[in-house]
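Okay, structure first, notes after.
Naming: A, B, ... by sequence-line order, numbering from 1 per chain. Fair warning: this is a prediction, and the values are worked out from it, not measured in the lab. Every heavy atom of this structure was used, including side-chain atoms; hydrogens, water molecules and symmetry mates were not.
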Amino acid sequence: MAVINFITQEGEKISVEGTSGSIMELATSVGIAGLDGDCGGVCSCATCHVYVNETYRKIVGEAEKIEKEMLEFDELAKENSRLSCQIEISEKLDGIELIVARE
Amino acid sequence: MLIGTGNKALSIHLSTDIAMKDSLFQDTFEEARKQKGIGQMNDQDDPIVMVLRHKDVRKCAFNWKGFKSEAKPGRIVVPSEVNIRDTRQIPFEIDPPNHTAYRKVLESWFKRPLQEEYKNSLSAIISELLDEQLKQEATEVISELSLPLQSKALTLLLNTSMEEAETWISWGVHVFRSEATALDKDKANILYDYIEKEIDRAIEKPGKDLYSVLLNTELEGRKLSREEVKGILVLTFAGGRDTVINFLTNSLSYFAEKPKMLDWLRKDPSIIGKATEELVRYFSPLTHIGRVSTSDTAVCGHEVKSDSRISLCWASANRDETVFENPNEVILDRKVNPHVAFGFSHHKCLGATHARQIMKEFLRILPRKVSKIEILEAEENIEEWGDFKRKVGFEKLNVKLYSQQG
Ligand code: HEM
Ligand code: FES
């Protein structure tokens with residue numbers, strides 16, 4: 001089990017416990033603002049875009065090629081951007097902070 | 001958008017002639033995409049460079065400053081509609097920053113399909129239509145299933161009475177389409193006249209429908225104008241008609257020829273989300289959409305003059321072999337699927353939530369009610385874009401549906 005902390009563009013912090021599946025699925029199951037997951041997690045919509053806090057960037061790891069190319073064409077993309085549908089929940093992520101990129 | 005489709009070349013055959021071929025949708029762009037990356041076509045003396053590679057399509061879609069949507073109304077549609085309309089379709093024919101402002105006020109309404117109540121209503125519409133057709137000896141899928149389903153579902157999106165669907169169904173499939181080379185203004189007018197009347201009605205007697213809501217919507221301190229409301233509604237009608245009808249009809253042809261895939265959905269509904277994305281990638285109901293270049297430039301090494309047209313060919317990008325493994329195969333649970341069937345970047349489809357929800361409910365209910373689908377007769381709908389001939393759907397698809405119980 002891991003506690004995942006989402007911070008919305010409004011500045012609201014929401015902590016959710018998850019055990020399996022992707023971060024996007026966890027977020028949409030509780031309805032985090034700005035994290036819609038339109039394509040259901042197949043890497044085609046970028047509506048699951050998050051920024052990963054520094055301490056966790058290494059743990060989360062690098063994006064794969066297809067995800068990177070998707071972020072290349074997202075004007076909100078930064079160094080620490082990830083598409084949360086491509087991040088699987090695991091115990092290692094316990095305590096992670098993710099800033100939701102969209103409003 | 002989508003009032004026209006290309007010139008028609010029909011091929012008719014009975015399903016006994018060729019086995020298991022009706023659900024095959026070939027990639028007509030393969031050679032051109034691999035060799036040149038672009039295609040060329042003329043359209044009413046306003047030629048088009050068709051952008052065919054996935055990366056280039058996304059790059060050009062992202063680059064709204066270089067390739068604009070806010071040209072003369074009708075110009076970014078292929079075939080061009082500049083000679084048949086003056087109304088600007090919104091937000092489709094607007095660029096940022098105004099585009100962003102329109103999207104902001106529209107988005108929450110177009111997300112309503114995610115609500116439980118909306119899903120339940122969709123599910124009731126689909127169940128009723130399938131139950132009715134299961135009693136018949138034969139079903140013409142477009143007129144008896146896809147068109148009624150698309151129309152009834154649209155009443156949910158517009159939040160109007162279900163009876164309105166009867167009017168839209170009575171317009172037939174070809175209302176926003178022209179069979180001849182020249183685009184037919186009279187046909188387009190059916191829709192415009194209807195919308196004008198509905199706006200009048202909403203002004204007189206406001207309700208909770210989209211017309212009334214839009215008339216009351218504020219954008220940067222002022223109310224939307226009548227012309228703007230019209231521009232939004234025309235697009236909602238036209239953009240979501242043929243696309244949804246082809247999406248449904250083509251998918252049904254697929255399950256007719258791949259009964260094992262219907263079994264799979266029945267056993268494992270958890271793949272429905274991925275299946276929806278894969279079917280929309282494979283069928284790509286909207287082939288391409290234009291943009292107008294704002295400078296002398298080049299796309300994929302090919303010269304593009306200022307104020308000339310390119311088109312973003314979603315259908316070709318979705319079969320790009322450098323992005324998709326086995327691009328010409330439907331892999332229902334494809335895990336990574338960066339398709340562009342609903343467009344890409346700023347103008348990505350506003351109706352996608354609605355379209356996805358229709359397909360998801362359809363894929364949930366169809367395998368529960370239907371055990372087998374037999375194709376009796378199929379007549380393909382082939383678009384012609386210059387030298388490219390692309391099957392986009394069917395003119396006619398006669399099937400027999402077999403009940404899951406019986
Ligand atoms: C499977 C069905 C559908 C497909 C494949 C599809 C495809 C597309 C594509 C490719 C675009 C991008 C156009 C561009 O980049 O210029 C688009 C935009 C749009 N679509 Fe759809 N569409 C579908 C269903 C719908 C439905 C059901 C509606 C509404 C009822 C709708 C309304 C719109 C609107 C309003 C836009 C313009 C968005 C903007 O410019 O910001 N579409 N669609
Ligand atoms: S949910 Fe669509 S890209 Fe992540």
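The neighbour count for Lys92(A) NZ, taken as heavy atoms of other residues, nucleotides or ligands under 6.0 Å away, does not exceed 12. Within a 6.0 Å radius of CD in Glu117(B), no more than 12 heavy atoms belonging to other residues, nucleotides or ligands are found.
To the nearest 0.5 Å, atoms NZ (Lys348(B)) and CG (Asp38(A)) are separated by 5.5 Å.
In this structure, chain A has a heavy atom under 4.5 Å from the backbone of Arg334(B), while its side chain stays farther away. Interface remark: Phe342(B) contributes no atoms to any contact with chain A (heavy atom separation under 4.5 Å). Residue Asp74(A) touches chain B through its backbone alone, counting heavy-atom pairs closer than 4.5 Å. With a 4.5 angstrom heavy-atom cutoff, Glu64(A) does not touch chain B via any of its atoms. Only the side chain of His346(B) has a heavy atom closer than 4.5 Å to any heavy atom of chain A. No part of Lys360(B) comes within reach of chain A, as not one of its non-hydrogen atoms sits under 4.5 angstrom from that chain. Both the backbone and the side chain of Val323(B) come within less than 4.5 Å of a heavy atom of chain A.
Side-chain contact between Glu75(A) and Ser345(B) is absent, with no heavy atoms from C-beta onward closer than 4.5 Å. A 4.5 Å side-chain heavy-atom check between Glu67(A) and Val336(B) finds every atom pair outside the cut-off. A 4.5 Å side-chain heavy-atom check between Glu72(A) and Arg58(B) finds every atom pair outside the cut-off.
Interface with chain B: from residues 42-54 of chain A, residues Val42(A), Cys43(A), Ser44(A), Cys45(A), Thr47(A) qualify, criterion being any non-hydrogen pair under 4.5 Å.
Note on Lys59(B) versus Glu69(A): no salt bridge recorded, every NZ/NE/NH1/NH2 to OD/OE distance being 4.0 Å or above.
Within the structure, the salt bridge (Lys or Arg N to Asp or Glu O under 4.0 Å) test picks out the following pairs touching residues 1-25 of chain A (sequence neighbours left out): Lys13(A)-Glu97(A).
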